[in-house]
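Some notes on the structure that comes next.
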Protein chains: 2
Amino acid sequence: MTESLLEPNGSRDASGSCAPDSHTVAARLAALSHPARIEILKHLSSSNSCCCREVVDRFDLAQSTVSQHLKILVKAGLVRFEPDRQRSRYAVDRAALADVSASLNALVNSCCSGR
Amino acid sequence: MTESLLEPNGSRDASGSCAPDSHTVAARLAALSHPARIEILKHLSSSNSCCCREVVDRFDLAQSTVSQHLKILVKAGLVRFEPDRQRSRYAVDRAALADVSASLNALVNSCCSGR
DNA sequence: ATCGTTTATCGCCGATGGACGATGACCGAA
DNA sequence: TTCGGTCATCGTCCATCGGCGATAAACGAT
């Protein structure tokens with residue numbers, strides 16, 4: 001693994017808020033850096049909770065592909081997964097999503113203030 | 001809420017808020033989804049303008065690797081590139097950075113309102 | 001002109017991503 | 001039970017990423 005040459009870890013900025021390290025932010029942004037996943041997120045948010053099939057029907061992607069994208073979103077913590085009997089239920093974790101946005105905001109602010 | 005006056009690709013929906021398409025957002029987020037690039041951005045922002053060498057000295061990465069990362073950041077429009085005689089100058093485009101953040105904010109908001 | 005510095009690019013390689021089809025498991029209904 | 005629908009996972013294929021060293025071009029200084 002090629003990590004550890006960057007940031008000391010959990011640095012705190014002047015405002016006292018904890019700035020997540022670059023790896024964490026990068027990993028979460030990576031989950032958002034695919035158009036299909038963004039669209040899937042939008043779709044999920046529009047209907048509170050979806051099963052995989054609904055997403056497959058909406059987009060022109062194979063079921064296995066959609067399942068993969070959902071898995072990535074779940075792994076990133078942006079989508080909650082609840083295995084129902086037959087139909088799995090996927091739902092946007094709005095708090096987590098807001099958190100990612102806040103992290104990026106913090107990064108941008110630190111870039112704009114450090115001058 | 002947020003104005004993003006740039007972005008030629010931004011389509012304006014009925015509500016007047018600018019909603020960039022998924023590909024655009026995804027591409028810009030992809031540029032941010034690497035810890036080294038995030039750290040490089042922070043470094044650039046801390047000293048207004050850098051040459052490649054400065055970044056190479058700061059991080060434990062080969063010069064070619066840093067050059068690649070910088071190229072990616074430039075291509076994404078997050079960093080401005082100005083070829084000086086000998087030393088290229090790289091500087092954070094704070095407006096573009098703020099714009100990415102705003103785009104993500106807009107996405108999150110649309111996900112949180114659509115319910 | 002020659003050397004040293006800086007930079008961008010090339011080629012290479014291993015790892016990962018993204019797409020798909022096929023498969024098997026699970027469940028509900030007939 | 002059998003059938004149909006849903007889902008996760010596996011394996012495969014191809015493209016891209018991320019790292020590096022090597023190289024050549026451009027420039028300043030000697």
Side-chain angles (χ1 to χ4, degrees), chain A residues 1-7 21-41 43-44 47 49-91, chain B residues 21-41 43-44 47 49-76 78-91:
Chain A
M1 296 187 201
T2 60
E3 17 210 353
S4 80
L5 6 135
L6 310 162
E7 191 161 358
D21 70 303
S22 309
H23 293 85
T24 305
V25 181
R28 301 162 102 191
L29 291 180
L32 286 170
S33 64
H34 193 289
R37 289 197 287 272
I38 290 180
E39 290 301 320
I40 289 175
L41 270 182
H43 179 60
L44 288 184
S47 59
S49 164
C50 280
C51 66
C52 180
R53 184 84 211 302
E54 290 179 79
V55 182
V56 173
D57 285 342
R58 188 76 102 191
F59 304 101
D60 194 16
L61 291 172
Q63 181 266 329
S64 55
T65 304
V66 171
S67 189
Q68 272 296 323
H69 281 310
L70 287 171
K71 189 179 181 181
I72 289 172
L73 288 170
V74 169
K75 186 179 177 185
L78 302 178
V79 165
R80 279 188 307 265
F81 167 64
E82 199 161 353
D84 210 339
R85 323 279 176 188
Q86 191 167 3
R87 307 194 169 189
S88 302
R89 293 164 51 89
Y90 292 92
Chain B
D21 70 304
S22 308
H23 291 82
T24 304
V25 183
R28 301 164 104 190
L29 290 180
L32 286 170
S33 65
H34 193 287
R37 289 196 287 272
I38 290 181
E39 290 302 319
I40 289 175
L41 269 182
H43 179 60
L44 288 184
S47 58
S49 163
C50 280
C51 67
C52 181
R53 185 83 210 302
E54 290 180 80
V55 182
V56 173
D57 286 342
R58 187 76 102 192
F59 304 102
D60 195 15
L61 290 172
Q63 181 267 330
S64 56
T65 303
V66 171
S67 189
Q68 271 296 324
H69 282 310
L70 286 170
K71 188 179 181 181
I72 290 172
L73 289 170
V74 169
K75 187 179 177 185
L78 302 179
V79 164
R80 281 189 306 265
F81 168 64
E82 198 162 351
D84 208 339
R85 324 282 175 187
Q86 190 168 1
R87 308 194 168 186
S88 302
R89 293 164 49 90
Y90 291 94

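Keep in mind that the numbers below use all heavy atoms, side chains included, and drop hydrogens, waters and symmetry copies. Labels below follow one simple rule: chain letters A, B, ... track the order of the sequence lines, proteins then strands, and each chain is numbered from 1.
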Every protein N/O within reach of nucleotides 14-20 of chain C N/O, cut-off under 3.5 Å:
| unit_1 | atom_1 | unit_2 | atom_2 | d |
| --- | --- | --- | --- | --- |
| dG18(C) | OP2 | R37(A) | NH1 | 3.3 |
| dA19(C) | OP2 | H69(A) | NE2 | 2.4 |
| dC20(C) | OP2 | A62(A) | N | 3.0 |
| dC20(C) | OP2 | T65(A) | OG1 | 2.7 |

Give each protein N/O atom lying under 3.5 Å from an N/O atom of nucleotides 1-4 of chain D, with the pair distance.
none

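Atom-to-atom, CZ of F59(B) to C1' of dC20(D) comes out at 18 Å; the value is rounded to the nearest Å. Atom-to-atom, CZ of R85(A) to C1' of dA8(D) comes out at 18 Å; the value is rounded to the nearest Å. Regarding E54(A), its CD atom lies at a distance of 8 Å from the P atom of dC7(D), rounded to whole Å. Here dG4(C) presents its P atom at 15 Å from CZ of R53(B), a figure rounded to the nearest Å. Atom CZ of R87(B) is separated from atom C1' of dG4(C) by 12 Å (rounded to the nearest Å).
Counting non-hydrogen atoms of neighbouring residues, nucleotides and ligands closer than 6.0 angstrom, the CZ atom of R58(A) reaches no more than 12 such neighbours. Counting non-hydrogen atoms of neighbouring residues, nucleotides and ligands closer than 6.0 angstrom, the CG atom of D84(B) exceeds 12 such neighbours.
Side-chain contact between L61(B) and V55(B) is absent, with no heavy atoms from C-beta onward closer than 4.5 Å.
A donor-acceptor pair is defined here as one N or O able to donate and one able to accept, closer than 3.5 Å; no such pair exists between the side chain of S67(B) and the backbone of S64(B). Judged by distance alone, the side chain of E54(A) and the main-chain N or O of C51(A) form a donor-acceptor pair under 3.5 Å.
Neither OP1 nor OP2 of dT7(C) sits under 4.0 Å from any side-chain N or O of K71(B). Under 4.0 angstrom from either OP1 or OP2 of dT6(C) there lies no side-chain N or O belonging to Y90(B).
Note on ring orientation: taking the six-membered ring where Trp is involved, the planes of H43(B) and F59(B) are perpendicular (angle over 60°, cut-offs 30° and 60°).
Note on residues 70-79 of chain A: no pairs pass salt bridge (charged side-chain N to carboxylate O under 4.0 Å, His left out), not counting sequence neighbours.
No option in L78(B), L70(B), L73(B) other than L73(B) meets the side chain to side chain contact (heavy atoms under 4.5 Å, CB included) test with R37(B).
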